[in-house]
Amino acid sequence: MSQPLYYDACEASTSLKTLRIVNILSFIASFVGSTYVYILDPRAREIFHEYNNIFSPSLVLLAILWPIIYLLRFGFVFYIQFSKVSIIQEVVTESIGWLFTLANFFMLGWLWFLLKLNFVGSSFFATLTLLVVNLAHYRLTVDYPPNELPSLQAKKIYFFAYVPFALYAAFSWLDLFHNIYMAILKSNHEEAYVLLGILCVLILGIIGLAWTVTGLFSNCQRDGLFGLTMAACLIDVAVREYIMLYLSIQASLLAGLIISSFLFFYVTSGYKLKCAFSSKCPLIYAPREQRRPLIQ
């Protein structure tokens with residue numbers, strides 16, 4: 001991470017002004033498109049019902065997760081990206097950059113192919129969405145670790161940049177497997193249906209544990225929020241697929257491991273919630289100096 005004057009106010013560059021406009025337009029387009037498909041278009045409900053599968057997110061998960069994501073993304077678009085503080089401008093332009101806009105356009109592509117019943121196309125755009133959202137999440141985690149941010153600006157950056165991308169990054173894995181299932185499997189009576197589900201659930205659990213415990217993908221920087229979101233997705237799978245007992249138990253155990261790991265770091269940090277959510281993994285990283293906390 002570069003060393004700017006964190007609290008200096010500075011005027012926005014031409015590139016940042018352009019980025020602000022494009023972010024707003026793409027966000028509005030994404031929000032309108034999603035609202036239309038999920039709420040107003042009866043075809044979408046018929047598609048989700050007909051092609052329901054192991055990784056179809058429940059209405060409860062969507063009702064909890066997506067309002068939070070969109071509310072915080074709204075804060076990013078109309079609040080934080082207009083900040084005059086140099087460190088926040090740096091986060092917007094360097095860590096997130098055009099990835100926010102790309103994620104919105106890829107979502108529109110996903111919605112288009114979904115309504116056309118082209119699940120190969122929707123899987124392609126779900127993959128692109130996963131890549132750009134997880135890249136933004138990775139950059140924020142590595143370049144601007146929440147536990148190393150200047151305390152005065154930490155809350156703004158964490159809640160309106162870090163949190164929505166962490167939630168979206170975890171959910172994008174569930175969404176990808178949901179689209180893959182719609183594309184390649186037609187019947188829940190096929191043996192491959194369950195076997196692939198077991199493999200995909202294992203992948204979700206490994207990714208969630210890696211972020212929660214080791215920070216394997218992010219220079220030892222843990223992200224408990226990503227892990228808890230992944231645990232919520234696994235619990236969603238376990239509850240919905242309770243008839244497939246082995247798969248339901250597997251998803252429940254993996255979710256339990258992730259939550260237990262989060263609680264372990266919460267207890268061992270002296271019941272400091274901010275350390276449970278974000279810190280260097282003490283198992284493989286020994287800090288050389290005491291860092292300034294996220295929130296004082």
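- Side-chain contact between L102 and T129: absent, with no pair of heavy atoms (C-beta onward) separated by less than 4.5 Å.
- In the hydrophobic clustering, where aliphatic and aromatic side chains (Ile, Leu, Val, Met, Phe, Trp, Tyr) are joined below 4.5 Å either directly or transitively, I21 groups with L25.
- Around the CZ atom of F124, the shell of radius 6.0 Å holds no more than 12 heavy atoms that belong to other residues, nucleotides or ligands.
- For the residue pair N179 and S122, the shortest heavy atom distance occurs at OD1-OG, 2.9 Å.
- Residues Y181 and S56 have side chains that never bring a donor and an acceptor to within less than 3.5 angstrom of each other.
- If you check the side chains of S172 and N134, you find a donor sitting under 3.5 Å from an acceptor.
- The aromatic ring centroids of W66 and Y168 lie less than 6.0 Å from each other.
- I249 CD1 to L245 CG: the interatomic distance, rounded to the nearest 0.5 Å, is 4.0 Å.
- Hydrophobic clustering keeps Y242 apart from Y246 (ILVMFWY residues linked when any side-chain heavy atoms are closer than 4.5 Å, directly or through intermediates).
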Fill in: ring pair (Phe, Tyr, Trp, His ring centres under 6.0 Å) assessment of H137 paired with W211
CA-CA 11 Å; H137 174 237; W211 276 102; 4.5 Å; yes
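- Looking at heavy atoms from C-beta onward, L128 lies out of side-chain contact with V132 at the 4.5 angstrom threshold.
- Judged by distance alone, the side chain of R20 and the main-chain N or O of F78 form no donor-acceptor pair under 3.5 Å.
- A distance of 10.0 Å separates OG1 in T229 from CD1 in I258, rounded to the nearest 0.5 Å.
- Residue L253 is not grouped with residue L174 when hydrophobic side chains (ILVMFWY) are merged at heavy-atom distances under 4.5 angstrom, including chains of intermediate members.
- In this structure, the side chain of E94 does not engage the main chain of E90 through any donor-acceptor pair within 3.5 Å.
- In terms of hydrophobic clustering, with Ile, Leu, Val, Met, Phe, Trp and Tyr side chains grouped at heavy-atom distances under 4.5 Å, L117 and L115 are assigned to a common cluster.
- For the ring pair (Phe, Tyr, Trp, His ring centres under 6.0 Å) criterion with F125, the lone passing option out of F119, W112, F113, W110 is F113.
- Aromatic ring centroids of F74 and F160 lie 6.0 Å or more apart.
- Judged as a ring-ring contact (aromatic ring centres under 6.0 Å, His included), and not counting sequence neighbours, the contacts of Y266 are Y271.
- The neighbour count for L40 CG, taken as heavy atoms of other residues, nucleotides or ligands under 6.0 Å away, is above 12.
- The hydrophobic cluster around V120 extends to none of the other residues, as no ILVMFWY side-chain heavy atom falls under 4.5 Å of it.
- Criterion: ILVMFWY side-chain heavy atoms under 4.5 Å apart, direct or through other members. Under it, F264 and L273 are part of a common hydrophobic cluster.
- Judged by distance alone, the side chains of S83 and Q89 never bring a donor and an acceptor atom under 3.5 Å apart.
- Proximity of R45 to Y38: side-chain heavy atoms (C-beta onward) are nowhere separated by under 4.5 Å.
- The closest donor-acceptor contact from the side chain of S248 to the backbone of M244 lies at 3.5 Å or more, if one exists at all.
- The cationic atom of R73 (NZ for Lys, CZ for Arg) does not lie both less than 6.0 Å from the six-membered ring centre of F27 and within 45° of the ring axis.
- Between F55 and H178, the shortest heavy-atom distance links the atoms O-CB, 3.3 Å.
- In this structure, the separation between CD1 on I47 and CG on L114 is 5.0 Å, given to the nearest 0.5 Å.
- Here the options are V237, I203, I54, the test is side-chain contact (heavy atoms from CB on, under 4.5 Å), and the partner is F177; only I203 passes.
- The structure places CG of L209 at 11.0 Å from CG of L204, a figure rounded to the nearest 0.5 Å.
- Taking 4.5 Å as the limit, some side-chain heavy atom of S34 sits within range of a side-chain heavy atom of L111.
- With no hydrogens or angles considered, no side-chain donor-acceptor pair links T141 and D223 at under 3.5 Å.
- For N219 (side chain) and Q221 (main-chain N/O), no donor-acceptor pair under 3.5 Å exists by modelled atom type.
- Counting only N and O atoms by type, the side chains of S279 and R222 include a donor and acceptor under 3.5 Å apart.
- With sequence neighbours left out, S26 forms a side chain to side chain donor-acceptor pair (under 3.5 Å) with N104.
- Between P67 and L71, the closest side-chain pair of non-hydrogen atoms is not below 4.5 Å.
- Here R43 pairs with D41 under the salt bridge (charged side-chain N to carboxylate O under 4.0 Å, His left out) rule; sequence neighbours left out.
- Note that CG of L176 is 7.0 Å distant from OG of S123, once rounded to the nearest 0.5 Å.
- For the pair V163 and I157, the minimum side-chain heavy-atom distance is 4.5 Å or more.
- Judged by distance alone, with hydrogens and angles left aside, the side-chain atoms of Q250 form a donor-acceptor pair with the main-chain N or O of I198 at under 3.5 Å.
- Taking the ring centroids of F277 and F262, they lie under the 6.0 Å cut-off.
- Residue pairs meeting the ring pair (Phe, Tyr, Trp, His ring centres under 6.0 Å) criterion with at least one partner in residues 84-106, sequence neighbours excluded, are F76-F100.
- Taken to the nearest 0.5 Å, the CD1 atom of I96 stands 11.0 Å off from the CG atom of L135.
- I206 and F226 fall into different hydrophobic clusters, where Ile, Leu, Val, Met, Phe, Trp and Tyr side chains are chained together by heavy-atom contacts under 4.5 Å.
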